[in-house]
Structure formats: structure tokens, C-alpha cells
Amino acid sequence: MSSLNRLFFAPVLACVLSASHGIAAEPIVGLIVKTNTNPFFVTMKQAALEKAGALGIELRTFSGAYDGDTQTQIEAIESLVNAGAKGILITPSDPAVLADVVARAREAGVMVVALDTPFDPSGSVDATFATDNFRAGELIGLWAMARLGDSAKRARIATLDGYEAQITVDVLRNQGFLRGFGIDIRDQGKMQDEDDPRIVGSARTWGTEEGGRVAMDALMRMYPGIDVAYAINEPAATGAYAALKALGMEKDVMIVTVDGSCHGVRDVAAGAIGATAMQYPVRMASLGVEAVIEFVRTGRRPENTPGLGFTDTGVTLVTDLPVPGIPSLSSEKALKECWDQVP
């Protein structure tokens, strides 16, 4: 059975793929997100649907059953190419695994746009709209180091990373955080090759609340005295805080993370998260849809932000404990800019 037939007829895939069809119109554009459970991707999907509706185009959306479900993403790309899509927007679960199928789609004349998670090299796709994830990590690292003052030299750091594979977004945020905290990261493109004794442990979370809870619990038991925890995203940070609270240690560890959802901003207000770096998924999705339409009409591709291999959609530090020299928003102000959609 071909991959296209599997996509439409296999019951198991029917459970994990969602297709949203608007009024038949040209061009067809596809949106493939990592999951339909993470509020970040739910928000992105809703924004893309609204933009497509406003422009009068058909948007077909797909999602994996879990973060890291690359097979579903491969089959979704194949489906869209066979359907005659002009453009595909994708938050790749693993850019390296998807590189070949993306190359084939582009050879077929489909514009492929990465959202949130960049490909390496960036030229593997036609355009990328994303947070400067290294800068996002760097901001929370700079803030954490400044808040600790002299005690930062004696910090005991845990990194709650995303995945077993070293995926671009995971690496960039991790390395940005460590650089911001004043740690020699050696190779910016690789995690966990540092030899700074302040990094006492790392664990993967899959970017989920349960993963964050399990990782934080295990690290605290193995390495008592951890006082700084970096988490790849807010679901993982929420889980980490729950683990600390269960251990009666929620006031002993500073948690920093990246996302900027309304839920995460409220956690900043409550003191569960010390600081988060706010992203803008609505902007990513809207610009991605617009880029495909522009490409179809004129053949032009968007220009990258100067000095970067992608279009930077912005990042803002959110904290209620500001430090001099690092611009930030309070949780009160951030609640007017945050995003949050309940699946």
C-alpha cells in the first residue's frame, strides 16, 4: 500500500491526523504541526486557519500523535504534494529526518516554509519564520545569572531538554541559556559537551508536562542541591514545578523557560516560573501563509532578517523580577500580549 493510501485509509493514522478543509479554492496550502496537544501549536493552527480564511484559500492541517512523530509528518507532506498543494508550512519534529521528503516536495514545485523549528542548513527550505531560539535561551540565562549575583558562580544547574536527538530548536535554546549564564558552550551546535561543573544533570522531557515532572523528580533525587532549572518549554517547566512542589522544594529552585503562553505568564505571576521568553506563534503562522501566497503570485521568497538564516518573529523576556540592563515585560503587561488556546 502506498504511503498516500496509508494516510487516508489506515485507522491508526486517522486518529492522529487532522485535516481541515475550507471552501475549495486555489491554491491549496498545508500546515503540519508537531502535535494537537501543545497550546503553542494549537494557537499556530488557529492563526493559520484565520489567515487562510481571510485570504480565501484552502488550508489543510495535519498533526502528529506525539512530539517526534516524524512518520506522520512525512506522510502528510506526501499527501499534500499529491493533492497539488502550492505551499507547505511545517514545524518539523526532526528536521534531519524530514530533509529528504522536503527536498522532494520542493523539486515538485512546492514551497516549503519552516515555522518555529529551523532546518540545518536553513537553505533546506524556502523560508523560515521563527523565534531566534538562541537569543530566547540567552535572555533567560542572562536573567538567571543576574538574579543570582555572586552565587551564580556556585550554581547547580539542571537542563530539562526536549529530545534524545539533538534537534535544532532544542540545541539553540539550551546553548543560548548556558551562554547567557556565562558558561563556555564549546560547540554552539551541540548540547551536553560542556565541562562546567555547575551543570550537574540533564534529562529529556519531550516538551511535555509529564516529561518535565519525571525529569525534574529524577534529577533532584540524583543531584541534591540543584538551584537552577532550565526547561525547553512551558509545559516541561510546569511539570518541573509540580515535581518540586511534591518534594517540598518549590522555593529552592529557580525555573526559567521559553514560550510566552498565557498559562506560562500566569505561572510567572504566581512565582512558579522565574522568567520565560515569549514567542509569537500567531505571527509565525500568519507570515508563513502570506509568504506562500506571495510566492504563488510573484515567485518571490521572503528575505531573512539581516545576519540570520531566517525571518526573526521576535522574543521578549517576561518576569516580575526585572534586572538592570535586560529589557523585560511584567506578567501584567505580558498577559495583554500572550497566546493560549485550549486543545
Does the side chain of [X] reach to within under 4.5 Å of the side chain of [Y], using non-hydrogen atoms?
{"X": "Trp143", "Y": "Thr319", "result": "yes"}
{"X": "Thr316", "Y": "Tyr280", "result": "yes"}
{"X": "Ile232", "Y": "Asn174", "result": "no"}
{"X": "Pro92", "Y": "Val125", "result": "no"}
{"X": "Asp227", "Y": "Val253", "result": "no"}
{"X": "Arg173", "Y": "Asn233", "result": "yes"}
{"X": "Leu115", "Y": "Met44", "result": "yes"}
{"X": "Ser330", "Y": "Asp320", "result": "yes"}

To the nearest 0.5 Å, tell me how far Phe134 CZ sits from Ile185 CD1.
->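 Separation between the atoms: 4.0 Å.
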Euclidean distance, Asp193 CG relative to Arg186 CZ, rounded to 0.5 Å |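 Atom-to-atom, Arg186:CZ and Asp193:CG are 5.5 Å apart.
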Could you check whether [Y] and [X], counting side-chain N and O atoms only, form a donor-acceptor pair closer than 3.5 Å?
{"X": "Asp116", "Y": "Thr91", "result": "no"}
{"X": "Asp69", "Y": "Thr72", "result": "yes"}
{"X": "Ser63", "Y": "Lys45", "result": "no"}

Test your reading of the model: is there a side-chain donor-acceptor pair from [X] to the backbone of [Y], 3.5 Å cut-off?
{"X": "Glu194", "Y": "Ile183", "value": "no"}
{"X": "Gln166", "Y": "Val171", "value": "no"}
{"X": "Gln175", "Y": "Met191", "value": "no"}
{"X": "Thr35", "Y": "Tyr66", "value": "no"}
{"X": "Trp339", "Y": "Gln279", "value": "yes"}
{"X": "Thr205", "Y": "Asp161", "value": "yes"}

Of Val33, Leu98, Asp94, which is the lone residue that meets side-chain contact (heavy atoms from CB on, under 4.5 Å) with Gln73?
->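 Option passing the side-chain contact (heavy atoms from CB on, under 4.5 Å) with Gln73: Leu98.
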Output a table of donor-acceptor pairs, distance under 3.5 Å, between side-chain atoms of residues 211-218 and any protein atom two or more places apart or on a different chain; print 'none' if there are none.
{"residue": "Arg213", "atom": "NE", "partner": "Glu210", "partner atom": "OE1", "Å": "3.2"}
{"residue": "Arg213", "atom": "NH2", "partner": "Glu210", "partner atom": "OE2", "Å": "2.7"}
{"residue": "Asp217", "atom": "OD1", "partner": "Arg221", "partner atom": "NE", "Å": "3.2"}
{"residue": "Asp217", "atom": "OD1", "partner": "Arg221", "partner atom": "NH2", "Å": "3.2"}
{"residue": "Asp217", "atom": "OD2", "partner": "Arg221", "partner atom": "NE", "Å": "2.9"}

Can I get a per-line list of side-chain donor-acceptor pairs under 3.5 Å for residues 282-291, giving both atom names and the distance, sequence neighbours left out?
{"residue": "Arg283", "atom": "NH1", "partner": "Thr313", "partner atom": "O", "Å": "2.7"}
{"residue": "Ser286", "atom": "OG", "partner": "Val282", "partner atom": "O", "Å": "3.0"}
{"residue": "Glu290", "atom": "OE2", "partner": "Lys51", "partner atom": "NZ", "Å": "2.8"}

Relative to each other, are the rings of Trp206 and Tyr163 parallel, tilted or perpendicular (30° and 60° limits)?
->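 The arrangement is perpendicular - the two ring planes meet at more than 60°.
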List the atom of Ala127, the atom of Pro302, and the distance in Å for their closest heavy-atom pair.
->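 Reported closest heavy-atom pair: CB-CG, 3.5 Å.
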Glu138 bridged to Arg179 by N-O distance under 4.0 Å =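 Between Arg179 and Glu138 there is no salt bridge, as every charged N stays at least 4.0 Å from the carboxylate O atoms.
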